[in-house]
Amino acid sequence: KPVKRRVALKVIKAGVDDKGNPVCVNKSQVYLFKKDQGQNKIIFFYHDAQSPEASVTKSFSDSESLDTYWDELIKNW
């Protein structure tokens, strides 16, 4: 029986950017997300005044875990 996981994405990324600046991306900043089936990842595009193409990528070990996460993401966004 599959394990039911809730997609809780209030904060999508917290940490530092490539220049060492603190960064926190929350769900309300995301305006688009897309699934890259071939690479087993989901790309979240978010509003950032300093970068018009700002994105965060969540990678998965296999397509099954990607699909499970994607289905929950769509259902609970």
What distance separates Ser59 OG from Asn40 CG, expressed to the nearest 0.5 Å? 8.5 Å
Over 12 foreign heavy atoms within 6.0 Å of CD, Gln37: yes
Might you point out which heavy atoms bring Ala54 and Asp48 nearest each other, and give the distance in Å? CB-CB, 3.6 Å
Please list all pairs meeting salt bridge (charged side-chain N to carboxylate O under 4.0 Å, His left out) that have one or both residues in residues 31-46, counting only residues at least two apart or in different chains. Lys35-Asp67
Minimum heavy-atom separation for Gln29 to Cys24, with atom names? OE1-O, 3.4 Å
Is Phe33 close to Val56 at the side-chain level, that is, under 4.5 Å between some pair of heavy atoms? no
Quick one: OG1 on Thr57 to CD1 on Ile12, what's the gap to the nearest 0.5 Å? 11.5 Å
Does Val25 belong to the same Ile/Leu/Val/Met/Phe/Trp/Tyr cluster as Trp77, with side-chain heavy atoms less than 4.5 Å apart forming each link? yes
Contacts of Tyr46 that satisfy ring pair (Phe, Tyr, Trp, His ring centres under 6.0 Å) - sequence neighbours left out: none
Residues sharing Tyr31's hydrophobic cluster, by side-chain heavy-atom contacts under 4.5 Å among ILVMFWY, directly or via others? Leu32, Ile43, Phe45
CG of Leu73 to OG1 of Thr68, rounded to nearest 0.5 Å, is 12.0 Å
Name all residues meeting the ring pair (Phe, Tyr, Trp, His ring centres under 6.0 Å) criterion together with Phe60; count only those two or more places apart in sequence or in a different chain, and write none if there are none. Tyr69
Residues which pass side chain to side chain contact (heavy atoms under 4.5 Å, CB included) with Ser28, listed by chain and number, not counting sequence neighbours: Asn26
